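Everything on this sheet refers to the single structure shown next.
Predicted model, so just to flag it, every value in this text is computed and none were measured.
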Amino acid sequence: MTILEITDQIFFNKTEMDQVRLEEIVDDVLDNTDDGELFMEYRQSEGLSFDDGRLRSASYDTTQGFGLRAIAGEAVGYSHASELSEKAVKRAANTVRAVKSGYSGNSAEEPRGSNLSLYTDMNPLGEVKFEDKVALLSEIDAYARAKDPRVAQVSASISGEWQVVQIIRKGGRRMADIRPLVRLNVSIVTVDGDRMETGSHGMGARTGYSKFIQPDSWKLQVDEALRQALINLDSVDTPAGEMQVILGPGWPGILLHEAIGHGLEGDFNRKKTSAFSELLGKRVASKGVTVVDDGTLDNRRGSLSIDDEGTPTSQTVLIEDGILVGYMQDRQNAQLMNMKPTGNGRRESFAHAPMPRMTNTYMMEGVNSPEEILSEVENGLYAVNFGGGQVDITSGKFVFTASEAYIVENGKIKAPVKGATLIGNGPDALTHIKMIGNDMKLDPGVGTCGKDGQGVPVGVGQPTILLDNLTVGGTSA
């Protein structure tokens, strides 16, 4: 069966809804509007957490519902319900059609069709027995504690979901997607005397559980979390000031995502609240800097065969050789800005209207080896992993905390440091990139992005890069 036929079974064969009548409702609501859709969703999710040698929690949830949207210029009519029935859709239609009162729409071009399939349509939740998942978490706990006597606490969690969506658009156009998502996380606390430090690591992908329960896979997560925790036991205070900063490959791309990526989303630029507003075609970064958002990578956490409006995802070049060349767009903002949708219309669930969101955002690699980059630093910081951070979209100012970083002196990595914060301005930082590594790497698949109260899975990545003159907030007296 095709994905559309599988979703038909869930939304029509197992409910009293009729496909033809729903299409008639959608056509009536969207008449004289610019755009809109009926988004139907069925989701199963589960999560298990293991802490202090025992199973702490286990959850299983099934949700379903729809969101009906009509767009008239900048105005949006949106109504949703957790009831999959024609009566509920009709009630929503009565609410939504108010947005087009007195409006004569200019219908946007419909999304092109696509046979792209970036992940399996299997339901991962039934792939591995519950008791085997509990045994996996217990084995992770035992393995971590046996690795080093300084391990004081081990926390492990595994979660999975299966999201089924079908989108009905004007004229009876229908598209569907079935999205698996699994994630494993390990956190370890180590103690040495009166000092206590933490390390964490994980992995995630749009696949089933089989990849995650393999010893070669989960042991790597434990080993990395333990490595971080032990390194932090030896960390010293961070020197403060303006200095050269090396950002490692992979997960440090979260700084790129937050400090720069959000500023390249269409809605912020249409409203001119982004630091990048009205800069298309202008230099915004050092030569050699190319940044893309790519939702078409197989099995990646941020990937989607189609976005939540029915548009196929794409590789969207945002910055090319330092020049701003594009924004990430959903359908509404693309039409208002006279641009093309890029497949970045995303929503957390049926209860939310879509908006421009990132998928997998990363910087392309350059020509320098990591060793060459390191040799250029006389006195600086090498940031390998990041924790939390804050960004102001309008100004571009950011503050990020490094969870693993090192002092660099005369091209050599020295002592690890604690409490290092990077302070700067996203657009300004782009112009201070001096070297770009040839070691581009994507994150391990654990990213979740928040925007306007909605969270969606995303991916980040970058090669090793060197920035001049970045402010480091330290802990040295």
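- Counting only distance, with no hydrogens or angles, the side chain of Asp392 and the backbone of Ser395 share a donor-acceptor pair below 3.5 Å.
- With hydrogens and angles disregarded, no donor-acceptor distance shorter than 3.5 Å links the side chain of Ser138 to the backbone of Ala135.
- Taking a cutoff of 4.0 Å between a charged side-chain nitrogen and a carboxylate oxygen, Glu37 and Arg347 qualify as a salt bridge.
- Under the rule for a side-chain hydrogen bond (donor to acceptor under 3.5 Å, both in side chains), Gln332 has no partner lying at least two apart in sequence or in another chain.
- Taking the six-membered ring for Trp and the full ring otherwise, the centers of His352 and His80 sit at least 6.0 Å from each other.
- A salt bridge is defined here as a Lys NZ or Arg NE, NH1 or NH2 lying under 4.0 Å from an Asp or Glu carboxylate O, and Arg346 with Asp307 fails to meet this definition.
- A salt bridge links Lys340 with Glu109; the closest basic N to acidic carboxylate O contact falls under 4.0 Å.
- By the 4.0 Å N-to-carboxylate-O rule, Arg179 lies close enough to Asp308 to be salt-bridged with it.
- A salt bridge does not link Lys133 with Glu131: every distance from a Lys NZ or Arg NE/NH1/NH2 to an Asp or Glu carboxylate oxygen is 4.0 Å or more.
- Between Arg227 and Asp223 there is no salt bridge, since no side-chain N of the basic residue sits under 4.0 Å from a carboxylate O of the acidic one.
- With respect to Lys418 and Glu404, no salt bridge is recorded, no charged nitrogen being found less than 4.0 Å from a carboxylate O.
- Under the salt bridge (Lys or Arg N to Asp or Glu O under 4.0 Å) rule, Arg300 has a single partner from Asp443, Asp293, Asp294, which is Asp443.
- Checked for salt-bridge contact, Glu409 and Lys412 miss the test: no charged N lies under 4.0 Å from a carboxylate O.
- In summary, Lys451 and Glu265 engage in a salt bridge, as defined by a charged side-chain N under 4.0 Å from a carboxylate O.
- A salt bridge is defined here as a Lys NZ or Arg NE, NH1 or NH2 lying under 4.0 Å from an Asp or Glu carboxylate O, and Arg270 with Glu74 meets this definition.
- The shortest heavy-atom contact between Ile213 and Val128 is CD1-CG2, 4.1 Å.
- Using bins of under 30°, 30° to 60° and over 60° for the plane-to-plane angle, the ring pair Tyr406/Tyr382 lands in the tilted bin.
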